[in-house]
Amino acid sequence: MNLLTRLLVVACLVLPFTACKKEEVPQTQAQAAPPLPTSSEQKDWKPYLEYKITPHMGGITSSPFVYFLPKADSEDFDGKYQRQLEKLQTDLGRGMTEGVMLVFASPAPEKEVEMIEAAFKDVPQGSMKGVKVVFIGTPILGERVKAAVEPAGVNYIFEEAK
């Protein structure tokens with residue numbers, strides 16, 4: 001009887017440890033990078049942009065502001081450029097608070113950079129602390145964007161378009 005009691009006590013003590021199984025960490029496969037879109041359609045760029053900006057979303061408190069220009073040879077490009085510039089200038093004029101992300105990408109990257117340079121020239125120095133600016137393009141254009149936006153105090157992030 002004494003042996004049976006001891007076996008029951010040992011079983012009661014060991015059972016919880018054997019029943020608990022360490023949680024297995026699910027192995028996630030790395031998501032394949034979507035290819036750089038060749039069209040001017042925003043819908044074609046959406047998966048690519050999501051892939052590029054998702055790693056930088058930490059600390060962002062709202063949906064990112066995405067500024068996108070189509071190819072320069074698209075219909076009414078000049079009008080689209082002007083409207084996008086006015087929207088960016090209006091958004092910047094209202095002021096951006098910490099936790100906001102601005103994303104710039106385009107199949108017409110030269111014009112996108114011109115737009116950024118034009119809009120940020122009037123932003124007061126140091127007025128956008130805590131705001132992330134993500135530019136997706138070439139390294140050379142990325143340096144121009146960096147020079148244009150860093151005086152505003154933003155956290156500048158460059159993503160190479162590839």
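Sequence positions, counted from 1, serve as the residue numbers for this chain.
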Using side-chain contact (heavy atoms from CB on, under 4.5 Å) as the criterion, list what pairs up with [X], not counting sequence neighbours.
X: Ala119; result: Leu85, Leu88, Gln89, Leu92
X: Glu41; result: Ser39, Lys43, Asp44
X: Lys71; result: Ser40, Asp73, Pro107

How long is the straight-line distance from [atom2] of [Y] back to [atom1] of [X], given to the nearest 0.5 Å?
X: Met57; Y: Ile53; atom1: CE; atom2: CD1; value: 5.5 Å
X: Asn155; Y: Glu150; atom1: CG; atom2: CD; value: 9.0 Å
X: Met115; Y: Lys111; atom1: CE; atom2: NZ; value: 10.5 Å

Under 4.0 Å between a side-chain nitrogen and a carboxylate oxygen: does that hold for Glu86 and Arg83?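 Result for this pair is no, no salt bridge flagged.
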
Side-chain ion pair, Glu117 and Arg144, N-O less than 4.0 Å: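 Salt bridge flag = yes for Arg144 with Glu117.
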
Under the 3.5 angstrom rule, does the side chain of [X] hit a backbone N or O of [Y] as a donor-acceptor pair?
X: Lys52; Y: Glu160; value: yes
X: Thr61; Y: Gly99; value: yes
X: Lys132; Y: Leu102; value: no
X: Ser74; Y: Pro70; value: no

Hey, can you tell me if Tyr67 and Phe65 have their rings parallel, tilted or perpendicular (30° and 60° cut-offs)?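 The arrangement is parallel - the two ring planes meet at less than 30°.
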
Where does the angle between the aromatic ring planes of Phe104 and Phe120 fall among parallel (under 30°), tilted (30 to 60°) and perpendicular (over 60°)?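 Rings of Phe104 and Phe120: perpendicular, over 60°.
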
Can you give me the closest heavy-atom contact between [X] and [Y], atom names plus distance?
X: Phe68; Y: Gln42; result: CD2-CG, 3.3 Å
X: Pro34; Y: Pro47; result: CG-O, 3.7 Å
X: Tyr48; Y: Pro37; result: CG-CD, 3.6 Å

Quick one, [X] and [Y] - any side-chain contact, counting heavy atoms below 4.5 Å?
X: Val131; Y: Met101; result: no
X: Val145; Y: Phe158; result: no
X: Tyr81; Y: Leu69; result: yes
X: Glu112; Y: Gln84; result: no
X: Asp91; Y: Met96; result: yes
X: Trp45; Y: Leu36; result: yes

Cluster overlap [X] with [Y], hydrophobic side-chain contacts below 4.5 Å:
X: Val154; Y: Ile116; answer: yes
X: Phe135; Y: Ile157; answer: no
X: Ile60; Y: Val149; answer: no

Assess whether side chain to side chain contact (heavy atoms under 4.5 Å, CB included) is satisfied between Glu159 and His56, documenting all intermediate values. CA-CA 10 Å; Glu159 280 285 334; His56 308 294; 2.7 Å; yes

Do Lys146's NZ or CZ and the ring of Tyr156 fall within the cation-pi criteria of under 6.0 Å and 45°? no

Please determine whether the number of non-hydrogen atoms from other residues, nucleotides or ligands lying under 6.0 Å from atom NZ of Lys46 exceeds 12.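 Open.
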
Check Val100, Leu49, Val103 against Pro64 for a side chain to side chain contact (heavy atoms under 4.5 Å, CB included) and give me the one that passes.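 Looking at Val100, Leu49, Val103, the match for Pro64 under the side chain to side chain contact (heavy atoms under 4.5 Å, CB included) is Val103.
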
